[in-house]
Number of protein chains: 2
Amino acid sequence: MRDPETTLRQHDLPVTAQRVAVLRAVSRHPHATADELAEGVRGELGTISRQSVYNVLNVLTDKGIIRRIQPADSAALYEDRIGDNHHHLVCRSCGRTEDVCCAVGEAPCLKAHSHHGFKIDEAEVIYWGTCPACQKKR
Amino acid sequence: MRDPETTLRQHDLPVTAQRVAVLRAVSRHPHATADELAEGVRGELGTISRQSVYNVLNVLTDKGIIRRIQPADSAALYEDRIGDNHHHLVCRSCGRTEDVCCAVGEAPCLKAHSHHGFKIDEAEVIYWGTCPACQKKR
DNA sequence: GCAAGTTTTTGACAAAGTCCAAAAGTCCGT
DNA sequence: ACGGACTTTTGGACTTTGTCAAAAACTTGC
């Protein structure tokens, strides 16, 4: 992703310190929650309100600049990488999240076209399992 | 699904009025939230506490009697159909949820074996789109 | 029936987000 | 630069979804 300010201008968004800092935080910490990102931003800006973090994340998500994923039993996570159709692998016991390239050929999962008259725009895949560290623990 | 009492006994669960009623409610209303199910149960039993609904749903989910799905921006939904590897289609604007049989051949999506050392036990697929009713509205 | 062990209930609590109105900032034309 | 119009940010209250804990009420097996 190019630098935050340019990205914001390309999407007709006024450039504010908060938005720049949130974008950088998302870049630095992929798969972070809103609260974790808020912490990251505070390290850079000093302070930011919880509401602003949500505002910014919502705007950026709406514009397609970042992507929100919401695994079960966890707060929403945000990430930088967009448009490359990758999926996620989540550990059931610790919540650790990893990226996974689409497993078979090119996006076979998207083929459920027009079922029930729905217009489908995305297929989201989440693989559930146990990460190496948690396998050892038991 | 066979009758609720038999199902409970098969899993060594004491048969209580609440459990039977919740099971029936899940059967009657696939893809309902905990609150909607509570309403359904009240129509049958008169009253049930919110906590009991959660207790029962958790026990049933743990035993694999029902399945919980948790689409983004929605409370958890519960359903009867288990073990047939079907997925879900969710309307972004109204939240309507439909079942979808696995789109291509037999569960191609499950093939992301052992990525990152994870032991994968389930691949969950959610198709996002717009349902027919919401397409008309705009 | 009775004892032993589970469930259910009630009420308080926690996490993640949203709503609202006031204060502060950004951008654009001059 | 500067001012005004418009957008963001803030802070606080509120909502939703769900969990925790202790007491009261059930189920079950003998």
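Chain identifiers are assigned alphabetically (A, B, ...) following the order of the sequence lines, protein sequences preceding nucleic acid strands; residue numbering begins at 1 within each chain.
- Partners of B:Arg9 by salt bridge (Lys or Arg N to Asp or Glu O under 4.0 Å), not counting sequence neighbours: none found.
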Protein and nucleotides 27-30 of chain D: nitrogen or oxygen contacts under 3.5 angstrom:
| unit_1 | atom_1 | unit_2 | atom_2 | d |
| --- | --- | --- | --- | --- |
| D:dT27 | O3' | B:Val15 | O | 3.4 |
| D:dT28 | OP1 | B:Val15 | N | 2.9 |

* How does each nucleotide of nucleotides 1-6 of chain D score, in 5' to 3' order, for protein heavy atoms under 4.0 Å: base (B), sugar-phosphate only (S), or none (-)? -> ------
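- Within a heavy-atom distance below 4.0 Å of DNA chain C, the residues of residues 46-63 of chain A found are A:Arg50, A:Gln51, A:Tyr54, A:Asn58.
- Looking only at distances, no side-chain donor or acceptor of A:Ser52 sits under 3.5 Å from a matching main-chain atom of A:Ile48.
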Only pairs under 3.5 Å count here: list side-chain donor-acceptor contacts from residues 11-20 of chain A, not counting sequence neighbours, and write none if there are none.
| unit_1 | atom_1 | unit_2 | atom_2 | d |
| --- | --- | --- | --- | --- |
| A:Thr16 | OG1 | A:Arg19 | N | 3.1 |
| A:Arg19 | NE | A:Pro14 | O | 3.2 |
| A:Arg19 | NH2 | A:Pro14 | O | 3.3 |

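- Residues satisfying the salt bridge (Lys or Arg N to Asp or Glu O under 4.0 Å) test with B:Glu124, not counting sequence neighbours, are none.
- Whole-Å rounding puts the B:Leu45 CG to D:dA25 P distance at 18 Å.
- In this structure, B:Thr97 contributes its side chain and B:Gly95 its backbone to a donor-acceptor pair below 3.5 Å.
- Counting all heavy atoms, side chain and backbone alike, A:Asp80 lies closest to A:Val26 at N-CG1, 3.8 Å.
- A pairwise comparison of heavy atoms in A:Arg81 and A:Asp99 identifies NH1-OD2, 2.9 Å as the closest pair.
- In this entry the distance linking CZ of B:Arg68 with C1' of D:dT19 reads 12 Å, nearest Å.
- When the C1' atom of D:dT15 is taken as reference, atom CG of B:Asp35 falls 12 Å away, rounded to whole Å.
- Listed for the A:Gln135 side chain is a donor-acceptor partner under 3.5 Å among the backbone atoms of B:Gly117.
- Residues A:Ile126 and A:Leu77 do not share a hydrophobic cluster, defined by chaining ILVMFWY side chains whose heavy atoms lie under 4.5 Å apart.
- Scanning for ring-ring contact (aromatic ring centres under 6.0 Å, His included) contacts around A:His88 gives A:His31, A:His86, with sequence neighbours left out.
- B:Asn58 and B:Thr61 share no donor-acceptor pair across their side chains, judged by distance under 3.5 Å alone.
- For residues 22-33 of chain B, every residue pair satisfying the salt bridge (charged side-chain N to carboxylate O under 4.0 Å, His left out) rule, not counting sequence neighbours, is listed here: B:Arg24-B:Glu44, B:Arg28-B:Glu44.
- For B:Arg42, the salt bridge (Lys or Arg N to Asp or Glu O under 4.0 Å) partners are B:Glu39, not counting sequence neighbours.
- Here chain B contacts DNA chain C (any atom closer than 4.0 Å to a heavy atom, that is under 4.0 Å), and the contacts span C:dT7 to C:dA12 from 5' to 3'.
- Partners of B:Arg96 under the salt bridge (Lys or Arg N to Asp or Glu O under 4.0 Å) rule, at least two apart in sequence or in another chain, are B:Glu98.
- The shortest side-chain heavy-atom distance between B:Val59 and B:Val56 does not fall under the 4.5 Å cut-off.
- Note on the helix from C:dG1-D:dC30 to C:dT30-D:dA1: angle between the axes of the first and last five pairs equals 40°, rounded to 10 degrees.
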